[in-house]
**Q** 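Below is the structure I would like to discuss, written out as C-alpha cells.
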Amino acid sequence: MDVPSSNETRAFAEEIFQKVEHKSSGSNLYRHQEEAAPMLTRKQRITCTLLEADDDDAKDVPGGSVSVVDKDVKRFRKRSENPDDDDDDEGSGSLKQERRVKQKYSHDKPDDSESEEERFRDQIEREDLERRLREKDASRIRKLTEQKLSKRDEKEAMRRANALKDDEIRALRNVSRQEYLKKREQKKLEEIKDDIEDEEYLFEGVKLTEAKQRELRYKKQVYEVVKKRSQVDDNVNEYHMPDGYDEEGGVNQEKRFAVALERYIDSKDGDKMNLFAEQEAWEDHQINKATLKFGSKNKKQSDDYNFVFEDQIEFIQEQVMGGVDVDEEEERERSIAKSAHEKLLADRKTLPVYPYRESLLKAVEDHQVLIIVGETGSGKTTQIPQYLHEAGYTKRGMIGCTQPRRVAAMSVAARVSQEMNVKLGHEVGYAIRFEDCTCEKTVIKYLTDGMLLREFLGEPDLKSYSVVMVDEAHERTLSTDLLFGLLKQIARFRPDIKLLISSATLDAEKFSDYFDCAPIFRIPGRRFPVEINYTKVPEADYLDAAIVTALQIHVNEPAGDGDILVFLTGQEEIETAQEILKQRTHGLGSKIPELVICPIYANLPTELQAKVFEATPQGARKVVLATNIAETSLTIDGIKYVIDPGFVKMNFYDPRTGMESLKIIPISKASANQRAGRSGRTGPGKCFRLYTAYTYYNELDDNSVPEIQRTNLANVVLSLTSLGIDDLLTFDFMDPPPSEAVLKALELLFALGALNKYGELTKVGRKMAEFPLDPMLSKMIVASDKYKCSDEIITIAAMLSIENSVFYRPKNKQVHADNARLNFYTGNVGDHVALLNVYNLWKETNFSAQWCYDNYIQLRSMKQGRDIRDQLKGIVERVEIELVSNSGDLDAIYKCITSGYFSHSAKLQKNGCYRSVKHPQTVYIHPSSGLCEALPRWVVYHELVLTTKEYVRQVSEIKPEWLVEIAPHYYELKDVEDLGSKKLPRGKGRASKL
DNA sequence: ACACCGTAC
C-alpha cells in the first residue's frame, strides 16, 4: 500500500499545526524568538510537505504547494521594498483582529529603539501568523467541501437505492413477485460465484490468515446453500438475498474486492469496513441459520450459539480497532489460547476500556469521586471493578457496584466471576432481594441500587466498602438519586472511600457539578452506526403511522436482514396494533414474506414473552411491539430497524391530591437516542422517528423528569428519617423533589404515628422502617399485632405489592378472565380479601402452575408474592409481632387495613360516584374491582389513579365509625355522623386538626 | 368501561 491515507495526512498536519500555534501563541514567542522562529519554519515545512503529498486537496489550499520558506523570503522582499503596504491580503475578521492586536503590541514598543533586524523578525512573525490563519481557514473550507461532497454522494446513493425500490415496486405490480425474486436470486448466485472465483485467483499461492480462510469457506458455504435452495425449493418467498449489494452494482464489487485486500491493512476508511462488516454479518447469520436448521434443535444449540457470538465479537473489534499489528497479535493470542478462560482473558483486552486501564487507576488514585462516561459495550461495568481489585483496593474493603436491575446485577457478576476464574458467590458475588450470593471472601459485589440503600440502614458509613461504583447513573432511578445524596455525605467523613459514578449520557457535567466538580473520565464506546430518519411532517396518528412504517420496511427491505422493533405506550395499544397488523398482512397474503408479530410488555405471561427471543424463521421477519421495557430492561437480538413514535406512558404523583396519573407524554432526547441505539447492537441499524427533526431539536426535553420528582415520597422520607436525616427540605439532592411532596409525606407519617410532632422517629416508625413496603402497608402490618390477624395481613400486604399483575386479562379472552376472577369474590368481599383468597387457594393447590393458568392468574407474580410474603414473615418475627391467624374474623382484617389506610376513605354519593373524605374529590371505583357494582357506602382504597377517570383501586368496605375509633386524631365524629342523612356533607366541617 | 417501567436487609 502507499503512504498514509489523505485523512491521516491531514490529521497529522493539523495536529502539528495546532502544536505550532500553541507554541507561538502568547508572549513566549517574543521572549524566545531565537528559539521559536527556526522551529516554526521547520515544522511548517513538514506540514507543507505532508499537504503536498495529499495532492488532490493541496490544490485548494492557497499557496499549499509552494514552499513556505520560499514564499516567506519572497514576501519579505516585497515587504522590505514597500513596508507600508499592509492591505494586499484579505483576511477574515478574526485575522484582521489578530493583526490589529499584534500591531498594537508592536506599537507599545518604542519604535526608535527597535533595530532593523528586530523589525524584520517581527514582520516574519506577523506573516507567519497570517499565513497560519489563512491555512486554518483553508482547512476549514476544505472540510466543508468534503462534507458537501460526501453529502452529495449520500444523496446519490439514496437516489440509486430509491430507484431500485421503484424497480421492486414495479416488479411487484407487473411481474409476479416470485419470478422477480427468483431472478434476483440467480443474479446474486452468479455474483457470489464470481466473487469466490476472483478471490481464489487472487489469493492463489498466498498464505492466508485464519480469518481470511474462514471467510472464504463461509462464502463457499453460502454459495452451496443458496444454490441448493434455488434448485430444490420452489418457494422463493421463504428465502432470498438482501438488497444491500444490488444498489451499487459493479462499482460495489470493486469496492468489496478492494476491501477484501485491504482488510487487515487499511482500517481507516470506515465506510468500506461497514459495508464489509454488514455483508459478513449477514453471511454469518445465514450460515448459522442453515446449519442450525439441519442440526438437532434441542441440544448443542448453546455451543453453536457461543460460536456465533464469539465471531460477532470478533468482527466488532475489527470495526473498532483495526490496524495490522493489533489484529494479528490478537489472532495469534486467540489461537494460542486453549481454554475458554484464556479466551475470556484475551477478550478482556479487546474492550474499549482496556487501553485506559492505567490512566483510570491513576485518576481513581488522585480523586475521591470520579465520573465515568462510556457507551454501552465499553466494558466499564465488568472491567473497572476488576482493575481496582487488581490494583489492591479490595485489601481495605469490598468494591460495590450498583445496578438498577436485578438481572443486570446477576449476569454481570456471573460474567466477572468467569473472567476471574472464581466461583460465583466467592470472590465475586451479587446481592439482590431474596438472594444474597456473597460470602466473607467476596471482594467484588454487584448489587441493585435499592439493595445498597437497604444496606445503608444497617451500616450508615458503609465501612465494609472501599469503593462504590454507581452504574447506569443516567437512568436516575429513585434509588440512585438517594444514593447520590448519601454517598456524597459519607465521602466527606470517609476520605478513604472512592466513589465512581458511571453514566452513558453526555450530560456528565451535571454529575460533575453535583459532586463538587469531580473530574470526568471518558471512555469511547463501541457501536455500530445507526441511520436516523425523521418524518417530513408531524403525524397525527402515531399508532397508524407506526404500523404503516413497519409494513413499509417489511416490504421494501430484504427479508431476513433484520427485525423491527416498535415502541408503543402500553398493553392495550400493543394489542390494538397487533390486530391491525394481522389484518393488513393477512390481506396481502403470500404477496409479502411472512411477518411474525411479537408483543412484549412486563405483564405479559412469561411463556408468551419467550416468543420474542426465539429466532426468526428463515425468510420471515419479526416485528416486536414493545413498551418501554425494550428501552433498557431487555435486549432483543437481531433488531435492525427501530420505529419510535416518540411517546411514553409515565407515572406522575400529585402530592396535593395524593393522586397518581398515568400520562402519555413525549419522550426525552436521551430516551430517543437510547431507543435508536437499540437498532445498532449487532450491526448497522436504522431508526425511524415518527416526528420531525424540528420536534426533536426544539420540542423534546433533554432528559426525562427524574423519578424522585414525580413519585410519592412517603417511603423515602421514612427511610431517610431512620438514617438520622431529619431535615429533608435541605438535604442535598441532585434534583430536589418538590417540597410539597416532602411535606405531604411527613404529614402522612405523622398521621400514621411513625413520626412524633418534632419529626422524630417513633417506636412504631422504627418497626415500620424495617419493612420494604409503603408506610401505609407497613403500618397495616404493625397494627395487625393488635387485631391478631398478622398471618392474613402479611399475605394481603404481599399481594398488594404485586397487585397490578395478579390477574391476566388478554383482549381476546376478557370474558373468561373476568368470570374466573369472580370466583375469588364469593361472599361479596372486598378486593383485599379477594387477593387473600387468591393466595390461599393457590397455596392449597401446593402452588400449582396449572391452577394459575386455569384461573387467568400470573404465575410469575404469584411466585414473587410468595417470596415477598416469606420475607415479610421473617421481618414480622424480628420486630416481635406475633404471627397469628384469625381467618374467621373478617372485620378484624378490615379494621387492620383501616389502621393503615384511614386517610384513603371515600363515601358513596347519590349518583353512584364516590367522594374522598380528606381531600374532597370525586372518584370512581375501578371497573376491575369486585365492588364496582356493589357500591358500599363507605370504603377505603389502596390507591387513587387517574387514567381516563379518577379511579380508586383495591377497595374494601368499612364502617364509618371505625375511622373515628382507629384514627381519632384524624377524624372527628362529625366527619362521619351524617351517615344516615342523604345530605351531602359540607367540606368545611370535615377538615380536622392534625 | 381498564393498567408504563423498575426496584426494596
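Naming convention: chains lettered A, B, ... in sequence-line order (proteins, then strands); numbering from 1 in each chain.
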**Q** Given B/dA8, B/dC9, B/dC5, identify the nucleotide with an atom nearest to the side chain of A/R878.
**A** B/dC9

**Q** What is the ring orientation for A/H904 with A/Y901, classed by angle as parallel under 30°, tilted 30 to 60°, or perpendicular over 60°?
**A**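 Answer is tilted, since the angle falls between 30° and 60°.
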
**Q** CZ of A/R454 versus P of B/dG6: gap in Å, rounded?
**A**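 About 21 Å, once rounded to whole Å.
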
**Q** For the side chain of A/Y601, counting heavy atoms from C-beta on, which of B/dC2, B/dA8, B/dC5 is nearest?
**A** B/dC5

**Q** Could I get the full list of salt bridge (charged side-chain N to carboxylate O under 4.0 Å, His left out) partners for A/E631, not counting sequence neighbours?
**A**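 By the salt bridge (charged side-chain N to carboxylate O under 4.0 Å, His left out) rule, A/E631 matches A/R675.
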
**Q** State which residues pass side chain to side chain donor-acceptor pair (under 3.5 Å) with A/R494; sequence neighbours excluded, sorted by chain then number.
**A**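 If we apply the side chain to side chain donor-acceptor pair (under 3.5 Å) test to A/R494, skipping adjacent residues, the hits are A/D496.
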
**Q** Base, sugar-phosphate, or nothing for A/E455, non-hydrogen atoms under 4.0 angstrom?
**A** nothing

**Q** Return no unless some side-chain N or O of A/Q871 is found under 4.0 Å from OP1 or OP2 of B/dA8.
**A**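 Indeed not, no polar side-chain atom of A/Q871 lies that close.
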
**Q** Sequence neighbours excluded, which residues qualify as ring-ring contact (aromatic ring centres under 6.0 Å, His included) partners of A/Y951?
**A**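 ring-ring contact (aromatic ring centres under 6.0 Å, His included) list for A/Y951, sorted by chain: A/H926.
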
**Q** Rounding to a whole Å, what distance do you find between A/M650:CE and B/dC5:P?
**A**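 In whole Å, B/dC5 P lies 13 Å from A/M650 CE.
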
**Q** Base, sugar-phosphate, or nothing: which does A/G458 touch, judged by heavy atoms less than 4.0 Å apart?
**A**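 Counting heavy atoms under 4.0 Å across all strands, no contact is made by A/G458.
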
**Q** Would you list the pairs meeting salt bridge (Lys or Arg N to Asp or Glu O under 4.0 Å) in which at least one residue belongs to residues 657-674 of chain A, sequence neighbours left out?
**A** A/K669-A/D702

**Q** Look at A/T627 and B/dC5 and indicate whether a side-chain polar atom (N or O) is within less than 4.0 Å of OP1 or OP2.
**A**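 Checking B/dC5 against A/T627, a side-chain N or O does come within under 4.0 Å of OP1 or OP2.
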
**Q** Does the side chain of A/E707 come within less than 4.5 Å of A/D481's, by heavy atoms?
**A** no

**Q** Tell me, which pairs form a salt bridge (Lys or Arg N to Asp or Glu O under 4.0 Å) where one or both residues lie in residues 439-458 of chain A, sequence neighbours left out?
**A** A/K445-A/E455

**Q** Select base, sugar-phosphate, or nothing to describe what A/S479 touches, counting heavy atoms under 4.0 Å on all strands.
**A**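 The residue A/S479 makes no contact with any strand.
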
**Q** From C-beta outward on A/P772, which listed nucleotide comes closest to its side chain: B/dG6, B/dC5, B/dC9?
**A**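 Of B/dG6, B/dC5, B/dC9, B/dC9 is nearest to the side chain of A/P772.
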
**Q** Mind checking A/E631 for me? I need base, sugar-phosphate or nothing, with any heavy atom below 4.0 Å counting as a touch.
**A** nothing

**Q** So what does A/R710 hit on the nucleic acid, given a heavy-atom distance under 4.0 Å: a base, only sugar-phosphate, or nothing?
**A**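 Touches nothing.
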
**Q** What is the separation between atom CD on A/Q814 and atom P on B/dA1, rounded to the nearest whole Å?
**A**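 The answer, rounded to whole Å, is 15 Å.
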
**Q** Are any of A/T632's side-chain N or O atoms less than 4.0 Å away from OP1 or OP2 of B/dC5?
**A** no

**Q** So, A/E573 and A/Y542: side-chain donor and acceptor under 3.5 Å apart, yes or no?
**A**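 Distance-only check passes for A/E573 and A/Y542.
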
**Q** Rounded to whole angstrom units, what separation is found between the CG atom of A/L944 and the P atom of B/dA3?
**A** 14 Å

**Q** What is the distance, to the nearest angstrom, from the CD atom on A/Q609 to the C1' atom on B/dC5?
**A**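 Rounded to whole Å, this separation is 12 Å.
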
**Q** With sugar-phosphate meaning primed atoms plus P, OP1 and OP2, does A/N804 contact a base, only sugar-phosphate, or nothing at under 4.0 Å between heavy atoms?
**A** base

**Q** Can you tell me which nucleotide in B/dA8, B/dC2, B/dC5 comes closest to the side chain of A/R433?
**A**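 Closest of the options to the side chain of A/R433: B/dA8.
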
**Q** Nearest-Å distance, CG (A/L568) to P (B/dC5)?
**A** 12 Å

**Q** If we ignore angles and hydrogens, is there a donor and acceptor under 3.5 Å between the side chains of A/Y446 and A/D471?
**A** no

**Q** Between A/Y924 (OH) and B/dC2 (C1'), how many Å, whole number?
**A** 15 Å

**Q** With sugar-phosphate meaning primed atoms plus P, OP1 and OP2, does A/R406 contact a base, only sugar-phosphate, or nothing at under 4.0 Å between heavy atoms?
**A** sugar-phosphate

**Q** Counting side-chain heavy atoms from CB outward, which of B/dA8, B/dA3, B/dG6 is closest to A/S928?
**A**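 The nucleotide sitting nearest to the side chain is B/dA3.
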
**Q** Do A/E707 and B/dG6 have a side chain to base donor-acceptor pair shorter than 3.5 Å?
**A** yes

**Q** Under 4.0 Å, heavy atoms only, any strand: does A/I629 hit a base, just the sugar-phosphate, or nothing?
**A** sugar-phosphate

**Q** Among residues 946-953 of chain A, which residues get a heavy atom nearer than 4.0 Å to DNA chain B?
**A** A/T947, A/T948, A/K949, A/Y951, A/R953

**Q** Using whole Å, report how far CG of A/N603 lies from P of B/dA3.
**A** 13 Å

**Q** For DNA chain B, whose closest nucleotide is more 5', that of A/D436 or that of A/L634?
**A**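 That would be A/L634.
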
